[in-house]
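Report on one structure; see the data block that follows.
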Amino acid sequence: MSDFLQDDGAPDGNANMYPQALAVTANGQTGMACLARIRLVLVETSHPGNVGAVARAAKNMGLSQVVLVQPRYADVCQQAEAIAFASGATDVLEKMRCLPSLAEALADCDYAVALSARPRDLSPALATPRAVAEQAIQHLQAQPQATVALVFGSERYGLSNEQVMQCQRYCMIPTDAAYSSLNLAQAVQILTYECRLAAQQLVPAEQATDAQARYASLAQMEQFYAHLEAALIAVRFLNPAHPKKLMPRLRRLFGRLQPELEEWQLLRGLCTAMLAQSNSTALTTAEANGESHSDG
């Protein structure tokens, strides 16, 4: 089986079976090159064997970026079980990075998808694995410097609601309702396969639209959410003592819209104006009260 597929994804001796496998993206790379800019993020992974199996699944489909967020064992990539389950994908295993938080793992990404086995209240927009893969590859085609993250939770608990809300899309793998349990590496294999399939079917750059659009990064969006929350509190639209679900709903809204960089700058300017107006109103009120007090 390992000899059946060539590096370009076309079966041996039949390079025309996937006619768009070598479609050129906006920066002159092939569709397959987009896969190098997909990052697998494993959050609080417990079992070394799963880490090794993920390395194998990633390499099977041409991916090489894997980041571990607070794994159970700091030396997980050096453990014998991980090396055994990697089954030759030790180069991917050796390049894995360990980071202390999901925010740091996503800091230089501008598109992230959370994977989960269960529905969430007020989650980001839900999509199928195939739709997620197509959107990711199209985004990478339009953004030559972009990185897309696929985020997977721990084996026992999955991702927390807070971690899910740090992503722009939410994906559930459709399984039989009678038995929906998937091993971590199985889930990774399904998503990476869909990404490879989408890369093979990539529309050439000259047929793509918005190739020059630049989108706000996830780190920039986190800055905006903090700015927006402060502005909404300042104009008394958001009560910090009783916030209800306003900010999660707004995060879901803007995550679905995926603002371009210029739009992000416009939104930040809007927040700045709201804060300035609030401060001006407060100052005017204070001055008026001071004058009233002096007159009394």
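A distance of 15.0 Å separates OG in Ser217 from OH in Tyr111, rounded to the nearest 0.5 Å. Atom CD of Gln189 and atom CD1 of Ile173 lie 11.0 Å apart (nearest 0.5 Å). Expressed to the nearest 0.5 Å, how far CD of Gln135 lies from OG1 of Thr128 amounts to 8.0 Å. Note that OG1 of Thr192 and CG of Leu40 are 7.0 Å apart. Values are rounded to the nearest 0.5 Å. Between the CG atom of Leu42 and the CG atom of Leu184 there is a distance of 5.5 Å, given to the nearest 0.5 Å. Of the inter-residue distances, the one linking Phe152 atom CZ with Ser116 atom OG reads 11.5 Å to the nearest 0.5 angstrom.
Residue pairs satisfying the salt bridge (charged side-chain N to carboxylate O under 4.0 Å, His left out) criterion with at least one member in residues 123-136, sequence neighbours excluded, are listed as follows: Arg130-Glu194. Counting only residues at least two apart or in different chains, salt bridge (charged side-chain N to carboxylate O under 4.0 Å, His left out) contacts with residues 79-94 comprise Lys59-Asp91.
Counting heavy atoms from C-beta outward, Val54 and Thr45 have side chains that stay 4.5 Å or more apart. Side chains of Met96 and Gln65 form no contact here, defined as non-hydrogen atoms less than 4.5 Å apart. Residues Val151 and Leu106 are in side-chain contact: their nearest non-hydrogen atoms beyond the backbone lie under 4.5 Å apart. By the 4.5 Å heavy-atom criterion applied to side chains, Arg268 and Gln223 are counted as neighbours.
Here the closest non-hydrogen pair linking Ala199 and Met32 is CB-CE, 3.5 Å. Minimum interatomic distance between Lys95 and Ser64 (heavy atoms only, all atoms of both residues): NZ-CB, 3.7 Å. Residues Cys171 and Pro129 approach most closely at SG-N, 3.6 Å, considering heavy atoms. Taking each heavy atom of Ala219 and Ala107 in turn, the nearest pair found is CB-O, 3.4 Å. The heavy-atom pair separating Pro144 from Ala142 by the smallest distance is CD-O, 3.3 Å. The two residues Ala82 and Val76 make their nearest non-hydrogen contact at CB-O, 3.3 Å.
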With a cut-off of 3.5 Å and sequence neighbours excluded, list every side-chain donor-acceptor pair involving residues 157-164.
residue: Ser160; atom: OG; partner: Gln163; partner atom: N; Å: 3.1
residue: Ser160; atom: OG; partner: Gln163; partner atom: OE1; Å: 3.3
residue: Asn161; atom: OD1; partner: Arg120; partner atom: NH1; Å: 2.9
residue: Gln163; atom: OE1; partner: Ser160; partner atom: N; Å: 2.9

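For Glu222, the side chain to side chain donor-acceptor pair (under 3.5 Å) partners at least two apart in sequence or on another chain are Arg251. Here Glu262 pairs with nothing under the salt bridge (Lys or Arg N to Asp or Glu O under 4.0 Å) rule; sequence neighbours left out. Checked against side-chain contact (heavy atoms from CB on, under 4.5 Å), Ser87 has the following partners two or more places apart in sequence or in another chain: Arg56. In this view, Thr147 satisfies the side chain to side chain donor-acceptor pair (under 3.5 Å) rule with no residue, not counting sequence neighbours. By the salt bridge (Lys or Arg N to Asp or Glu O under 4.0 Å) test, Arg39 pairs with Asp108, sequence neighbours left out. Applying the side chain to side chain donor-acceptor pair (under 3.5 Å) test to Asp75 and every residue at least two apart in sequence or in another chain returns Gln79. With sequence neighbours excluded, no residue forms a side-chain contact (heavy atoms from CB on, under 4.5 Å) with Ala226. Remark: Gln258 engages His139 in a side chain to side chain donor-acceptor pair (under 3.5 Å) (not counting sequence neighbours).
Cluster annotation: Phe85 is not connected to Met61 through the hydrophobic network of ILVMFWY side chains, with a link wherever side-chain heavy atoms come within less than 4.5 Å.
Under the side-chain contact (heavy atoms from CB on, under 4.5 Å) rule, Val41 has a single partner from Leu102, Val66, Leu150, Val113, which is Leu102.
In this structure a side-chain-to-backbone donor-acceptor pair under 3.5 Å is present from Arg37 to Leu140. The backbone N or O of Ser154 sits nowhere less than 3.5 Å from a side-chain atom of Glu44 that would complete a donor-acceptor pair.
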Margin query: Walk me through whether Arg196 and Asn60 qualify under side-chain contact (heavy atoms from CB on, under 4.5 Å).
Written below: CA-CA 10 Å; Arg196 186 173 185 86; Asn60 282 158; over 6 Å; no
Checklist line | Verdict with supporting geometry, Leu182 and Ile190, side-chain contact (heavy atoms from CB on, under 4.5 Å) | finding: CA-CA 10 Å; Leu182 280 174; Ile190 290 171; 4.2 Å; yes
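Met274 shares a hydrophobic cluster with Met221, Phe224, Tyr225, Leu228, Leu232, Ile233, Val235, Phe237, Leu238, Leu246, Met247, Leu250, Leu253, Phe254, Leu257, Leu261, Trp264, Leu267, Leu270; the chain of contacts runs through ILVMFWY side chains whose heavy atoms sit under 4.5 Å apart.
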